[in-house]
Trainee: 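Here it is, the structure, as structure tokens.
Just so it is clear: chains get the letters A, B, ... in the order the sequence lines come, proteins before strands, and each one is counted from 1.
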Number of protein chains: 2
Amino acid sequence: MTVTLADVAARARVSPATVSRVLNGNYPVAESTRERVLRAVDELDYVLNGPASSLAAATSDLVGVLVNDIADPFFGIMASAAQSAIGEGASGRGGGEKLAVVCNTGGSPARELTYLTLLQRQRAAAVILMGGSLEAPEHLAATTAKLAKLAEAGTRVVLCGRPPVTGDANAAALVFDNRTGARRLTEHLLGLGHRRIGYAAGPGDRTTTRHRLEGHRDALAAAGVPEGPTVHGAYDRRAGYEATAELLARDPELTAVVAANDTVALGVCAALRERGLDIPGDVSVAGFDDLPFSVDAVPSLTTVHLPLHEAGVRAGRLAMGTEEPLAGGLEQVSAELVVRGSTGRPRTRG
Amino acid sequence: MTVTLADVAARARVSPATVSRVLNGNYPVAESTRERVLRAVDELDYVLNGPASSLAAATSDLVGVLVNDIADPFFGIMASAAQSAIGEGASGRGGGEKLAVVCNTGGSPARELTYLTLLQRQRAAAVILMGGSLEAPEHLAATTAKLAKLAEAGTRVVLCGRPPVTGDANAAALVFDNRTGARRLTEHLLGLGHRRIGYAAGPGDRTTTRHRLEGHRDALAAAGVPEGPTVHGAYDRRAGYEATAELLARDPELTAVVAANDTVALGVCAALRERGLDIPGDVSVAGFDDLPFSVDAVPSLTTVHLPLHEAGVRAGRLAMGTEEPLAGGLEQVSAELVVRGSTGRPRTRG
DNA sequence: TTGAAAGCGTTACCAA
DNA sequence: TTGGTAACGCTTTCAA
């Protein structure tokens, strides 16, 4: 049968309470008994029963990290950084490690709520929500309510890359400056002389999509340049690929395309190449995110760099309570313009 | 205070046992009572206590998915597929959903063991280990022992992309045919006329590294072509970038480079471009994995395609017990050669 | 510094 | 079909 704490206690000739104290290390225990207990643990190959422990302590070692798309390195990088930060702080019950687990919502509000319920059920120590969220009012309300309940039950809530929900004061929030980043991206293209710029946007109902699009439009408006065509689609390659056909159909004279993120940008590039158009000769492509692979993939790409790793680490620390959130609970992560290769000035096409 | 099952029972005027039965749905309950209970659950906004449930039932809804690098889409794609497959089978306790969580080991054996212990502690329903493993005997032994203990405690163990450990009969294993895939990749280059082929390999002590390298050498041996330089490094871009300098230093006349995976291949490409070498004119690059982005990124790349999505789904189903493992517990996932763009025949360089 | 014992909230067995 | 009630394995006062 499985070894229990009582077995360890018997073997170490102490009470269960003492074993528990040794394991949790939050209590004074004589060094000699401590050693005896630890030896017994080793000899019996004892593993703490998590559920029992969590039940008694009314909290668990679980930290949930919700991401929109685990196959997208954008989230992978942040999640990885958060997990490292969470793994660092070893001081909890039963050995101290927190179990940082990432849950893939696939961008679906329903699955997001399901995961939140599951984590609530597990009495998770903390929950990190990564990436933009849907803006549908009913979903927002449901999420807000759920998060409030989690916070109320003692679960730390951290938002990373998504705007804080109204009235949700007890969640720390790290927001990306999507507007400014997007504005810079477009300003850069305008500075090169581009006047006919298409936009391959993300899904219409997401915060990131809206904010990036707003920044793009701000830049155009400020320069007095008329807005070019915009096409919405998923945050993936195929969407970029398909959007390109549509954009060129709407304006065959485009000299530049801004993509909602790097993955979309790659799809745009693929479509352009297929049509025999040079990048950035015939058409310049700019993207958001600056995923590590795009550096090598498309050397001529202009991107906006989000410090994903740093944001992830910070989110992890906030979740651990290792670091306190700023007063007001909101901090802005700035995007930085990165130009990889050729300048890509516009030229007329035949 | 938090609502308990007893509260629901009181409100529905039934016994706690009945509420439990309704919630788990594995027991006959009169439709009328059932509705009454469900209504009470709703009205009280009751959420099952996971730890208590797991303690009593001696198992949990948790399914752990261990990956070597969550920032690598190779794992992201598999993990995503596995999570979908796991989410599908809704029939467990308390609503039925399983909580599929991915844990990032970062390729570290220590973290791998830590996570396994954590999952063991949580009485996880299943554990999926994705990706190649370290071949150090002591780590292998430790892992084997841990997996045996998990299996013994009723946790389903699935290996995906890693060879089964000796004597570990109770783990279902999905192995990638890395050898054949790598052989095909090199055969393709040989078929194009390449005779001086460098190899940018992964870390020396990993199964995937060894198998792919073996396939590469098999192809060379069969063709009677002498082996070119090989450089080991991590499975990341930088490693590919750095390996390229070393490979070219060892043989400046290389006409082709095989990379241990696509990410490495991108690093190789970056290094080649930086040296003013055309791809695939001066040097052809071939990579393993076929990540979705490489298609657009380097259209001239030759890759070996692993059906990551399908493998992930299968792994998920095995973890759920929805599908039975093949007799012997071992199934092979074949790699398929994919030629993206130019043929890349060798040409002499000045 | 240590021990005794009362929960923690479910599940599942045994009756009814 | 339902109820009563021991577990389940740990944490945590309260005493000693």
Side-chain angles (χ1 to χ4, degrees), chain A residues 1-37 40-41 44-61 92-96 120-123 125 153-154, chain B residues 1-38 40-41 44-62 92-96 120-123 125 153-154:
Chain A
M1 279 306 296
T2 81
V3 183
T4 74
L5 188 143
D7 299 331
V8 176
R11 172 131 192 156
R13 320 187 109 266
V14 296
S15 77
T18 302
V19 177
S20 174
R21 296 198 261 251
V22 169
L23 258 27
N24 293 324
N26 320 323
Y27 241 76
V29 175
E31 186 54 29
S32 60
T33 28
R34 180 189 159 68
E35 280 173 10
R36 204 140 35 89
V37 169
V41 166
L44 295 177
D45 204 16
Y46 169 69
V47 175
L48 183 72
N49 183 315
S53 170
S54 297
L55 171 58
T59 177
S60 81
D61 288 337
R93 291 169 308 101
Q120 178 184 10
R121 181 178 299 173
Q122 298 295 332
R123 305 298 188 255
Chain B
M1 278 308 295
T2 79
V3 183
T4 76
L5 189 144
D7 298 332
V8 175
R11 172 130 193 156
R13 320 189 108 264
V14 295
S15 77
T18 301
V19 177
S20 175
R21 295 197 264 252
V22 170
L23 259 27
N24 294 323
N26 319 322
Y27 235 78
V29 175
E31 188 53 29
S32 60
T33 31
R34 179 188 161 69
E35 279 172 11
R36 205 142 32 90
V37 169
L38 255 23
V41 166
L44 296 176
D45 203 15
Y46 169 70
V47 175
L48 183 71
N49 183 315
S53 170
S54 298
L55 172 58
T59 177
S60 80
D61 287 338
L62 230 54
R93 290 168 308 103
Q120 179 183 9
R121 182 178 298 175
Q122 299 295 331
R123 304 299 188 255

Trainee: Between Arg13(A) (CZ) and dT2(C) (C1'), how many Å, whole number?
Mentor: 15 Å
Trainee: In this structure, how many angstroms lie between the C1' atom of dG9(C) and the CG atom of Leu44(B), rounded?
Mentor: 15 Å
Trainee: What is the distance from CG of Leu55(B) to P of dG9(C), rounded to the nearest Å?
Mentor: 12 Å
Trainee: May I have all residue pairs that pass salt bridge (charged side-chain N to carboxylate O under 4.0 Å, His left out) and include part of residues 45-58 of chain B, sequence neighbours excluded?
Mentor: Lys149(A)-Asp45(B)
Trainee: Please enumerate all residues that pass salt bridge (charged side-chain N to carboxylate O under 4.0 Å, His left out) together with Arg34(B), with sequence neighbours excluded.
Mentor: Glu31(B)
Trainee: Would you kindly give the CZ-to-C1' distance between Arg121(A) and dG9(C), to the nearest whole Å?
Mentor: 14 Å
Trainee: With heavy atoms under 4.0 Å as the rule, sort Val19(A) into base, sugar-phosphate or nothing.
Mentor: nothing
Trainee: Knowing that exactly one of Arg121(B), Arg123(B), Gln122(B) qualifies, which makes a side-chain contact (heavy atoms from CB on, under 4.5 Å) with Asn49(A)?
Mentor: Arg123(B)
Trainee: Indicate every side-chain donor-acceptor pair of residues 3-17 of chain A with a distance under 3.5 Å to a residue at least two apart or in another chain.
Mentor:
from, atom 1, to, atom 2, distance (Å)
Thr4(A), OG1, Ala6(A), N, 3.2
Thr4(A), OG1, Asp7(A), N, 3.4
Asp7(A), OD2, Thr4(A), N, 2.8
Arg11(A), NE, Glu43(A), OE1, 2.8
Arg11(A), NH2, Glu43(A), OE1, 2.9
Ser15(A), OG, Ala17(A), N, 3.4
Ser15(A), OG, Thr18(A), N, 3.3
Ser15(A), OG, Thr18(A), OG1, 3.3

Trainee: Describe, as an angle rounded to 10 degrees, how the axis at the first end of the helix from dT1(C)-dA16(D) to dA16(C)-dT1(D) is tilted relative to the axis at the last end, five pairs per end.
Mentor: 20°
Trainee: My understanding is that only residues two or more places apart in sequence, or in another chain, count here; which of them pass side-chain contact (heavy atoms from CB on, under 4.5 Å) with Ala30(A)?
Mentor: Ser32(A), Thr33(A)
Trainee: Could you tell me the separation between the CZ atom of Arg123(A) and the P atom of dT11(D), rounded to a whole number of Å?
Mentor: 17 Å
Trainee: Pairs under 3.5 angstrom, nitrogen or oxygen only, protein versus nucleotides 13-16 of chain C, please.
Mentor:
from, atom 1, to, atom 2, distance (Å)
dC13(C), N4, Arg21(B), NH1, 3.4

Trainee: Give the rounded distance in Å between these two atoms: CG of Leu23(A) and C1' of dT11(D).
Mentor: 12 Å
